[in-house]
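Read through the structure below, which is laid out as structure tokens, and then see the notes.
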Amino acid sequence: MPEMPEIETIRRSLEPHIRGRKIENVEVLLARQIKWPEPEAFVARILQEDIVGLERIGKYLLLQLSNQVSLIFHLRMTGQLVYVAAGAADASHHNRVIIYLDDGARLVFSDTRTFGTLYAMHQDELWRIRGMAEMGPEPLSEKFTAEYLAAAAAGRKTRIKSFLLDQSKVGGLGNIYVDEALFLAGVHPMRLAGSLTGDEIQRLHEAVNRVIADGIADGGTTFRDYRDGNGGKGSHQDNLFVYGRDGEACKRCGTLIAKTKVGGRGTRFCPSCQKI
DNA sequence: GCACTGTCCTGTTTGC
DNA sequence: TGCAAACAGGACAGTG
């Protein structure tokens with residue numbers, strides 16, 4: 001599932017292909033994935049506009065258009081946004097929206113499980129996307145400090161795993177990178193957020209920044225669905241410590257990686273390195 | 001305000 | 001072998 005490193009990788013891989021291109025046509029194959037405005041108005045807002053920039057906010061990818069509208073994608077679980085050059089075939093059987101560009105290429109949004117969402121928003125409408133408007137500081141940003149993390153977690157009775165997945169607390173984290181960060185910090189996922197010591201908060205802050213930086217450097221994590229803007233796979237799955245490794249030996253101590261559920265989410269951890 | 005649960009959705013895996 | 005159930009999880013609505 002695409003998290004912040006995957007969306008950033010997609011942004012970087014798409015930008016050289018589509019910046020400056022005009023949207024010549026839009027084909028909507030599954031209208032219910034367009035959340036705002038209605039599909040007809042959605043198409044009207046983006047048609048014949050130039051793509052002037054690409055931005056990322058948390059897990060949202062924003063294509064800035066020449067009319068001050070942002071074409072916004074959230075890929076959720078299985079969404080993919082792939083650039084297909086003129087004349088080339090695209091492989092997906094689950095295409096949902098196809099954007100035709102003025103050089104004959106196309107931008108194909110495909111999504112097996114159809115959780116992904118699309119928006120075409122004017123700048124003064126962005127507040128309508130609550131998840132984006134209320135997003136907390138992103139890892140690697142100036143606002144994401146150990147002091148911020150300590151203040152946000154203080155007094156919280158929710159599990160630290162659930163706390164880190166809450167986009168209003170830390171923007172851009174998902175299940176893979178939360179499990180990895182908790183392992184690196186030596187913090188058990190079931191710990192209550194408000195119970196972490198200053199030292200643990202410090203370690204967790206460093207670990208979150210590290211896993212996100214490493215994920216970006218590796219071009220993201222591909223388990224099954226994730227592809228970058230060119231259709232390529234990431235390589236961070238080869239460098240994971242716990243996610244997807246349940247039943248295997250911990251790379252640090254040899255104890256078998258355990259799997260449990262926290263807040264309804266599959267959660268992997270090392271019972272020796274991450275004491276409750 | 002906070003914490004937790006159910007829902008959406010479909011391909012794959014697991015169990016009988 | 002074939003079928004049914006369980007599982008995967010990001011975001012949000014609903015509940016207590």
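Protein chains get the first letters and strands the later ones, always in sequence-line order, with residue 1 at the start of each. Source: prediction; values computed, not measured.
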Please produce a list of atom pairs where a protein N or O lies less than 3.5 Å from an N or O of nucleotides 6-8 of chain C.
residue: C:dA8; atom: OP1; partner: A:K259; partner atom: NZ; Å: 2.2
residue: C:dA8; atom: N3; partner: A:R113; partner atom: NH1; Å: 3.2
residue: C:dA8; atom: N3; partner: A:R113; partner atom: NH2; Å: 3.2

Provide a list of protein-nucleic acid N or O atom pairs under 3.5 angstrom, restricted to nucleotides 12-14 of chain B.
none

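When rounded to the nearest whole Å, the span between CZ of A:R191 and C1' of B:dA3 equals 19 Å. When rounded to the nearest whole Å, the span between CE of A:M190 and C1' of B:dA3 equals 14 Å. The NZ atom of A:K35 sits 13 Å away from the C1' atom of C:dG10 (whole-angstrom rounding). If you take CD of A:E3 and C1' of C:dG10, they are 10 Å apart, rounded to a whole angstrom. Whole-Å rounding puts the A:D111 CG to B:dT10 P distance at 10 Å. Rounded to whole Å, atom P of B:dT10 lies 15 Å from atom CG of A:N95. Taking atom CZ of A:R32 as the reference point, atom C1' of B:dC8 lies 9 Å away to the nearest angstrom.
Taking each heavy atom of A:C253 and A:C273 in turn, the nearest pair found is SG-SG, 3.8 Å. Listed here is the closest heavy atom pair of A:P271 and A:A258: CG-CB, 3.8 Å. A:E6 and A:T221 make their closest contact through OE2-N, 2.7 Å (heavy atoms, listed as atom of the first residue, atom of the second, distance).
With a 6.0 Å cutoff to the six-membered ring centre and a 45° limit on the axis angle, A:R252 counts as a cation-pi contact of A:F241.
If A:R156 and A:R96 are placed on DNA chain B by their nearest nucleotide, the residue sitting closer to the 5' end is A:R156.
With sequence neighbours excluded, no residue forms a side chain to side chain donor-acceptor pair (under 3.5 Å) with A:K59. Residues satisfying the side chain to side chain donor-acceptor pair (under 3.5 Å) test with A:H236, not counting sequence neighbours, are A:D218. With sequence neighbours left out, A:Y119 forms a ring-ring contact (aromatic ring centres under 6.0 Å, His included) with no residue at all. Taking A:S235 as the reference, nothing meets the side chain to side chain donor-acceptor pair (under 3.5 Å) condition, with sequence neighbours excluded. Scored by the side chain to side chain donor-acceptor pair (under 3.5 Å) test, A:K169 finds A:D166 as partners (sequence neighbours excluded).
Counting only residues at least two apart or on different chains, the salt bridge (charged side-chain N to carboxylate O under 4.0 Å, His left out) pairs with a member in residues 265-276 of chain A are A:D246-A:R268. Residue pairs satisfying the salt bridge (charged side-chain N to carboxylate O under 4.0 Å, His left out) criterion with at least one member in residues 108-131 of chain A, sequence neighbours excluded, are listed as follows: A:R45-A:E125, A:R130-A:E134. The ring-ring contact (aromatic ring centres under 6.0 Å, His included) pairs that include a residue from residues 120-161 of chain A are A:F144-A:H205, where partners are two or more places apart or lie in different chains.
Applying the 4.0 Å criterion to OP1 and OP2 of B:dC4, one finds that A:T158 has a side-chain N or O inside that range.
Rounding to the nearest 0.5 Å places CG of A:L62 at 10.0 Å from CZ of A:R56.
Comparing B:dC9, B:dG11, B:dA3 by their closest approach to the side chain of A:T112 singles out B:dG11.
A distance-only check finds a donor-acceptor pair linking the side chain of A:Q237 to the backbone of A:G234 [under 3.5 Å].
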- Quick one: what's the B/S/- string for nucleotides 11-16 of chain C, heavy-atom cutoff under 4.0 Å, read 5' to 3'? BSS---
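If one axis is set at each end of the helix from B:dC2-C:dG16 to B:dC16-C:dG2 from five pairs, those axes are 60° apart, to 10°.
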